[in-house]
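For reference, the structure discussed in these notes is given below.
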Amino acid sequence: MAVRTRRTAAKRREYLWCYVLLLPLLLAFGGFTLWPIVASWWYSFFDWDGVGTPTEWVGVANFIEVLTAPDFWSAFWHSFLFSLVALFIELPLALAFAILLNNVRLRGRNMYRLALFVPVVTTTAVVGIVFVALLDPVRGAVNEVLFATGLVDSPINFLGSTVTALPTVMGIDLWKGFGISLIYWLAALQTVPKELIEAAQLDGARRFAIVRHIMVPVMAPIAIVIMLLLFQRSLGTFDLVQAMTAGGPVYSTDVVPTYIFRYAFSPEMQAPRYGFACAAGVIFGLLTLVLTLLQAPALKYRKRVAA
Amino acid sequence: MTHVRHAQISRRGVLTAGLGAAAGLGLAACGSSEEPSGGSSSSGSGPTVELTIALIPDPPGASEFYRAQLDKFEAANPGIKINVVENPGDQQLSAVELMFQQGNAPDIYRAQAAGFDRMYSRGWAHSLEEFVTDDFLARFPDGSLDPASSGLHRNGELYSIPLVWGRWSAMDLFVYNRSLLSASGFDAAPTTWGEIEEIARAVTTDGGGRIFGMAPEQASGIVRLSRQGVPYSIPGDGINLLTGEPDTANSTMVEAVELMRRMNADGSLITGWESWDSARSYTEFAAGSFAMYTAQSWHIAEIRNLNPDIELGIVDMPVPDSGRASYTPILQQFDPLWSMSSETEHPEEAWLLLDFLASEDFYRAYYEQFGTLTAMQSVWEDDVRANPDLSAVLDVAETTMKVVPNPKLASEGGAAVFNARAERPELRFTDAALESMIKNEEFAPKAEALDQQLRTFLDGIFASGDASAEDITFPSWDPLQPYDAAN
Amino acid sequence: MSATLTSTDPSRTADGMPKLFPSRRSVGRWRPHLWHLFLIPFCVLWVYPFIWMFSAAFKSQREMLLGGLSLIPEEPTLDNFTRAWTTAKFGEYTVNTIIFTVLVVGIVLVVTSLAGYALSRPGLPFKKLIIGVLVAAMFIPHGYTIIPVFILVNELGLGNSLLGAALAQAGPVHVVPVLLFMGFFSGMPSELEDAAKVDGAGFFRTFLSIMLPLSKPVIGTVALQNFIGAWSAFFVPLVFTLGNPSLRTLGVGMYNFFGQESTDFAGLAAGATISVLPTIIVFLLLQKTFIEGIAGAVKS
């Protein structure tokens, strides 16, 4: 009996310690996640310029304005396209390279990995500036080469035409994020247990069967996590667009985060519309949530496979 | 939201504790005479007042220039130390606002045009009436500091100090590269829109994909061209002050946009202009990549710096083929630029700094460094004619600018309409015009749609009773004559 | 699995993996070499923007203005670096960036490792609730939170400091690292702790001197991820240093420099080089840990 009480007391002391260790996290969570969310919901009901206390309650007017603004929806479409490119081009391409670079016999594979990863660790502003210079129609290296080799007879206006600007920025976004997907896939490939493949080979399983029955099921749960991470990241693309085009020309590269940024911090406006920006943010969040939930079947699959 | 000033105290750690405590309350409005005399041990020579000035380091080289000038000021005023906060032009306003919100406001800041109105409307500008002396007034031409038209006054009180000559920042210039034009067989600058188009096409054809006719400066080229043909308020705000009606679809306005659209479609506008800022315009012009554009006055000196030998022509803005119907507007005597923070703890010292920024020495130094015609005419009047570039600029200013009615100053209703309009940037013609140019779509339907939205907007304001149609209608105004407000 | 390991077993690849595609010897030997024909030009093209940037950093301003495709500067110069370092204050920005990054990584590591350890204790009341709330918050629409965060940091009196900016950057991002630490610590054998308890070590001592050192792989992963994020962060440092440019980080300074001096391309390239080199070096050094760490992370 006495031992038991001592045990419970010890346990209790341990739990107390646990809560002490949790304190920084809970404080940070309350201060930097919970309160900003609640505050920005609250602000979204005001006509407020971000200075002082919001006083002008406008109800759902901001939300109605966002939902009926064609510019918002076109920005959302662009954001969505960014995530489509990431999921359907970047991800498979990165997998192909990961398989290639996972081969230990390939000499210098670490150098290749480094080369493909360098854009990831580069400041976005630098990437933007360098590509703006390289792609310049007047004296950019890319057009000089195309011109000199006779591939084009007039310079391509990569970032200035509404037709090419969005694909160009998307291409650079892919280039910049490619390394992350590559590393994820490399990591995923390391989780495939060698023993399983070996055993299957001993059983005389064929190449396709091994891929189908061993590699796919083992890697699928990880692939789904990678997919979700990439989806969230690419939907929120901001820095690169802001640094390269700020949404132009004529909003043809505008994504939701740059759209919101313009309303919250634009120097051209007499007063910023922070309440409106918050409403746009809430709606964007809801749309993201819906799109993520649409992938729920995939998550279920992950659970089933994992079980 | 309370503005606790911890940050400021820690940052200005050299200040004495007494000063810090006063600052902590944000109430201390003491001048130098009231400084605690304990003195900071670090500086050694008596109490030091630190002032912060938030500025935009333009044009290139301004960063070093300001520091050198402020060093001079510090040398002349041993008790004052100046901290400089530099921001890029597109961040200055947000930055200063955030500094105010942090309780860390600069003592002097640069805010222009709508930016200044934004600061003033928040109560963050300090009236300068109490400091103004006769000596100060005497630096500017008679009558130019009249509260009704100076541009620096609000509610009859002086709130801002100018940097440049009023016409300098308001004027429309057309510049061209003489050698490129003559290489294509033109020995004179275009005087009409039709001639621009003809010359631009010829230069582009001869340029073989390397040299182009013109750069449009985003939509500002259209603004500058169009106000030679329609009242300035149409490209500015979409409203025709002659009628008080929305008039974006005005035929001359549409023609200005269509001109640019045609030139873009046939390749006469330099490829890639869509993503240019204005620094890029003068850089490429200096490099000879295109032949003409509608420049800003401060570009001239930059072009000369980059390419001293360029054969530069500076002329009046070309007019519509049907002839001139309007002029570049003179709305006010000066553009506001330097303001004092309403939260400064050292208004006396801050005024000394403002007084320095409005001194003959400073205006002359700025003029000599950057070739800018500064707000004090006497420092450049005598030798400006010796500089052919500036002489040409002055000629353009004299022949193409006229005083116009300013509804914002004329009545409260006018101010209400135009301030509300400024909060709705999407009602301006620029986005629609750029869309027409870049996507090669007709402008007239877009302009009519904008006019409808403007109509709804105006009706809303009139219905609220804040303004009436008369506040924005000036039927007696002849856009070809200088406007007399008394009339 | 070490890269130097050589296998004599023909049914395995060099890293000990069973050969997936057993085929004729010659082809098996040839294939990797053939790939170089594709990979080398591809990777050179991939990093061409960097090569171009490094070369521009050594060109004179005049040479940059005139253009030209040559990657080898006519008259190599270090002027651009001195100009970027002093006039454009990249020296100052570099120091700020280092401070900012270290603070962010430090805050994230402390907060998440403590919480991860606490949550890994079996039977802790409200454990599921806490984890559930943390995860749910990831999916709630956030609105536009920068101004509330800005107000909070100001109220804490950190409005004009790199610590404030670091808090804003590090504050909202802990869910994944917490789960990583939690997963790692709960996988530890309980004998370890029992042994520590027998030795008389308290709860916190056990964590600090035994558990934490063992979690190096997780620490490495979390640190590296946040290092990369913080080093190239743009938005948070932009907003938090708007009012005090002397606190700007490289990412923000770079952007502003471009706005102000867009004619000085050589100087820009030098500044860009300064800002990129440290991250490349860090990645070179930690590449292996990083991949393994992420592998562990995605697994759990």
Side-chain angles (χ1 to χ4, degrees), chain A residues 14-15 17-18 21-22 24-25 28 31-33 35-37 39-41 44 50 100 103-106 112 114-118 121-126 129-130 134 139 141 144 183-184 186-188 190-191 194 197-198 201 207 210 222 225 239 243 260 264 274 277-278 281-282 285-286 289, chain C residues 3 13-18 20-21 32 35 39 43 46-47 49-50 52-53 67 69 111 114-115 117-118 121 124-125 137 139-145 147-149 152 171-172 174 178 203-204 228 232 234-235 250-251 254-255 258 265 268 272 275-276 279-280 283-284 291 294-295 298-299:
Chain A
E14 189 183 314
Y15 290 150
W17 263 109
C18 284
L21 299 195
L22 274 172
L25 177 81
F32 289 96
T33 305
W35 132 256
I37 292 177
S40 92
W41 285 352
S44 64
L100 194 57
N103 184 351
V104 177
R105 271 218 229 146
L106 190 75
Y112 292 133
L114 177 67
L116 294 173
F117 194 75
V118 168
V121 293
T122 309
T123 312
T124 312
V126 172
I129 290 160
V130 168
L134 282 176
R139 43 186 91 245
E144 294 275 343
I183 297 272
Y184 282 157
L186 280 172
Q190 299 200 355
T191 62
K194 293 158 214 154
I197 298 180
E198 235 164 280
Q201 270 172 347
R207 196 196 292 176
I210 291 176
I222 301 172
V225 174
D239 297 12
I260 296 175
Y274 197 79
C278 283
V282 170
L286 283 172
L289 180 62
Chain C
T13 57
D15 64 348
M17 279 282 262
L20 238 195
F21 310 112
W35 277 115
L39 279 171
C43 286
W46 193 263
V47 296
F50 294 97
W52 180 85
M53 185 180 87
L69 287 177
V111 171
L114 290 178
Y117 184 63
R121 300 301 84 200
L124 181 73
F139 293 98
I140 301 174
H142 281 207
Y144 207 51
T145 52
I147 291 272
V149 169
L152 175 71
H174 336 278
V178 168
F203 181 78
F204 193 65
I228 292 169
S232 53
F234 173 68
F235 189 49
L250 282 167
M254 193 74 219
Y255 186 71
F258 188 54
F265 228 100
L268 262 171
S275 80
V276 168
T279 43
I280 295 182
F283 182 74
L284 261 179
I291 295 181
I294 292 200
V298 254
K299 244 188 264 183

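Every chain is numbered from 1 and lettered A, B, ... according to where its sequence line falls, protein lines coming before strand lines. Every heavy atom of this structure was used, including side-chain atoms; hydrogens, water molecules and symmetry mates were not.
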Residue C:Ile228 versus chain A: region with a heavy atom under 4.5 Å: side chain
Residue among C:Pro125, C:Ala137, C:Ser275 with most heavy-atom pairs under 4.5 Å to chain A: C:Pro125
Interatomic spacing from OG1 in A:Thr122 to CE in C:Met53 - rounded to 0.5 Å: 7.0 Å
Nearest heavy atoms of C:Leu124 and A:Cys18, plus distance in Å: CD1-CB, 3.6 Å
Contact class of A:Tyr15 relative to chain C, heavy atoms under 4.5 angstrom: both
Most chain A-contacting option - heavy-atom pairs closer than 4.5 Å, from C:Ala272, C:Pro148, C:Ser232, C:Gly251: C:Pro148
Taking every non-hydrogen atom, the tightest pair across C:Leu152 and A:Gly31: CD2-O, 3.2 Å
Side chain to side chain donor-acceptor pair (under 3.5 Å) against A:Tyr112, all qualifying residues, sequence neighbours excluded: C:His36
Worked check of side-chain contact (heavy atoms from CB on, under 4.5 Å) between A:Val118 and C:Ile280: CA-CA 7 Å; A:Val118 168; C:Ile280 295 182; 3.9 Å; yes
Considering all heavy atoms, the nearest C:Thr145-A:Ile37 contact: CG2-N, 4.0 Å
Pick from C:Phe235, C:Phe234, C:Trp46, C:Tyr117 with the largest number of heavy-atom pairs that fall under 4.5 Å of chain A: C:Trp46
